[in-house]
Number of protein chains: 2
Amino acid sequence: MLRNKTKYALKALQVLAKEYGQGPVLISEIARRERISPKFLELILLELKNQGVVQSKKGKGGGYFLARAPQTVSVGQIVRMMEGPLAPLPCVSKTSYMRCAECRDERTCGIRIVMKDVRDATARILDSTTLADVLQRVASVVQGKEGLSYAI
Amino acid sequence: MLRNKTKYALKALQVLAKEYGQGPVLISEIARRERISPKFLELILLELKNQGVVQSKKGKGGGYFLARAPQTVSVGQIVRMMEGPLAPLPCVSKTSYMRCAECRDERTCGIRIVMKDVRDATARILDSTTLADVLQRVASVVQGKEGLSYAI
DNA sequence: CAATAGTCTAGTAAACGAATAGGGTAAAAG
DNA sequence: CTTTTACCCTATTCGTTTACTAGACTATTG
């Protein structure tokens, strides 16, 4: 499960992607639109800024905006920033591999083999989906092109 | 990331799957083979027993054994038991759906659309992989049929 | 009955998660 | 140049979870 922090980061970036090229957006505006605690969101945006994903402007007319075009920011990048590796186990992570202390033979660890598949599938999806893609898929749903709902 | 508890549960079940049909295996034996704290493993096996995945026998010649054939126990079942839903967000879980409190319109939430894909991919892999499959894939690696290693 | 081996309840130290608090600093308006 | 607007940054709180550890209890076997 993703942390709230990660979910909020993605929601905020979705807003900034939508407003991309139209000047800065206030923290309070994002918070209002996504119903997130403004103070908590501030922390999150600050972290995204330190990671170089967004930029900010102070004073009147200030706010946050994407540092790069929405087509160049993948969901995978953001999730890794906020959450750490995508891999279900550290021993299958490509970006921050670590062996399991107790594992005798990594090569023949069945759990690892399966979890590597999961990691690869997750990475394939998240790394190939950009903020622009996300906006487009939302637009498709609104136009009734994509799956309308799904059974709980 | 999976918890140690989940990883240990899967490792223990892998051992029990290998020994399936050959009588009970001692907690201490599993702990030794997988280098897990025996006391912690005890708690985990107890939980698996209460969930009906394994059975036990007390006294001399006792130990734990699988309650069902390895072909009928999926990794997905075990992960859900120990970890909860596979879904990265509660609003895309099929087994324990819950809406996000702050979400205005779930249907047009971009994050949700992407995370639903991740959930589906994960579930497809974990629910279609049984303990027997895991053993077989390990055997394949030992025989040099499957990917020998992969770059870190 | 003694030895074996699982059952079950508690406890605990450390880390984590989700905020909240509040003063600091830069930029623009007047 | 001072006020207002907004972001900047550090610290703290508080409840929950994680990963164990301890130890007494109970059933089975020989």
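Values below: all heavy atoms of this structure, side chains included; hydrogens, waters and symmetry mates excluded. The chains referred to below are lettered A, B, ... by the order of the sequence lines, with proteins before strands, and numbering in each begins at 1. Computed from a prediction, not measured in an experiment: that's the story for all the values here.
In this model, the phosphate group of C:dA18 is not approached by any side-chain N or O of A:Lys5 to a distance below 4.0 Å at OP1 or OP2. Between B:Ser56 and C:dA5 there is no side-chain N or O to OP1 or OP2 distance below 4.0 Å.
Taking for each of B:Leu45 and A:Arg3 the nucleotide of DNA chain C with the nearest heavy atom, the 5'-most of the two is the partner of B:Leu45.
A 4.5 Å side-chain heavy-atom check between A:Pro85 and B:Met1 finds at least one atom pair inside the cut-off.
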Please output the side-chain donor-acceptor pairs of residues 8-16 of chain B that fall under 3.5 Å, not counting sequence neighbours, one pair per line with the distance.
residue	atom	partner	partner atom	Å
B:Lys11	NZ	A:Glu102	OE2	3.0

Side-chain polar contacts of residues 41-49 of chain A - donor-acceptor pairs under 3.5 angstrom, sequence neighbours left out - could you list them?
residue	atom	partner	partner atom	Å
A:Glu47	OE1	A:Lys5	NZ	3.1
A:Lys49	NZ	A:Ser56	OG	3.4

What donor-acceptor contacts under 3.5 angstrom involve side-chain atoms of residues 72-82 of chain A, with partners at least two apart or in another chain?
residue	atom	partner	partner atom	Å
A:Thr72	OG1	A:Ala69	O	2.7
A:Ser74	OG	A:Gln77	N	3.1
A:Arg80	NH1	A:Asp127	OD1	2.9
A:Arg80	NH2	A:Asp127	OD2	3.0

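In this structure A:Lys18 satisfies the salt bridge (charged side-chain N to carboxylate O under 4.0 Å, His left out) test with no other residue, sequence neighbours excluded. A search for salt bridge (charged side-chain N to carboxylate O under 4.0 Å, His left out) contacts involving B:Arg32 returns B:Glu29, not counting sequence neighbours. Applying the salt bridge (charged side-chain N to carboxylate O under 4.0 Å, His left out) rule to A:Glu34 yields no partners; only residues at least two apart in sequence or on another chain are considered. Looking at residues two or more places apart in sequence or on another chain, you find a side chain to side chain donor-acceptor pair (under 3.5 Å) between B:Asp105 and B:Thr108.
Taking atom CG on B:Leu46 and atom P on C:dA10, their separation rounds to 14 Å, with Å as the unit.
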Walk along nucleotides 19-30 of chain C from 5' to 3' and tag each nucleotide B, S or - by protein heavy-atom contact under 4.0 Å, base first, then sugar-phosphate.
BBBB--BSSS--
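Annotation: proximity of residues 26-33 of chain A to DNA chain C (heavy atom, distance under 4.0 Å) is found for no residue.
The closest donor-acceptor contact from the side chain of A:Arg104 to the backbone of B:Arg33 lies under 3.5 Å. The backbone N or O of A:Ile113 lies less than 3.5 Å from no partner atom in the side chain of B:Arg137, so there is not a single donor-acceptor pair.
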Pairs counted as Watson-Crick or G-U wobble with both distances under 3.5 Å: what dot-bracket string results for DNA chain D, using | for bases tied to another strand?
||||||||||||||||||||||||||||||
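On the nucleic acid side, DNA chain D has its first and last nucleotide under 4.0 Å of a heavy atom of chain B at D:dT18 to D:dT29, going 5' to 3'.
Looking at A:Lys116 and A:Asp120, a side-chain N of the basic residue comes within less than 4.0 Å of a carboxylate O on the acidic one, giving a salt bridge.
Residue pairs meeting the salt bridge (Lys or Arg N to Asp or Glu O under 4.0 Å) criterion with at least one member in residues 59-72 of chain B, sequence neighbours excluded, do not occur.
Closest of all the heavy-atom pairs between B:Ala31 and B:Pro38 is CB-CA, 3.8 Å.
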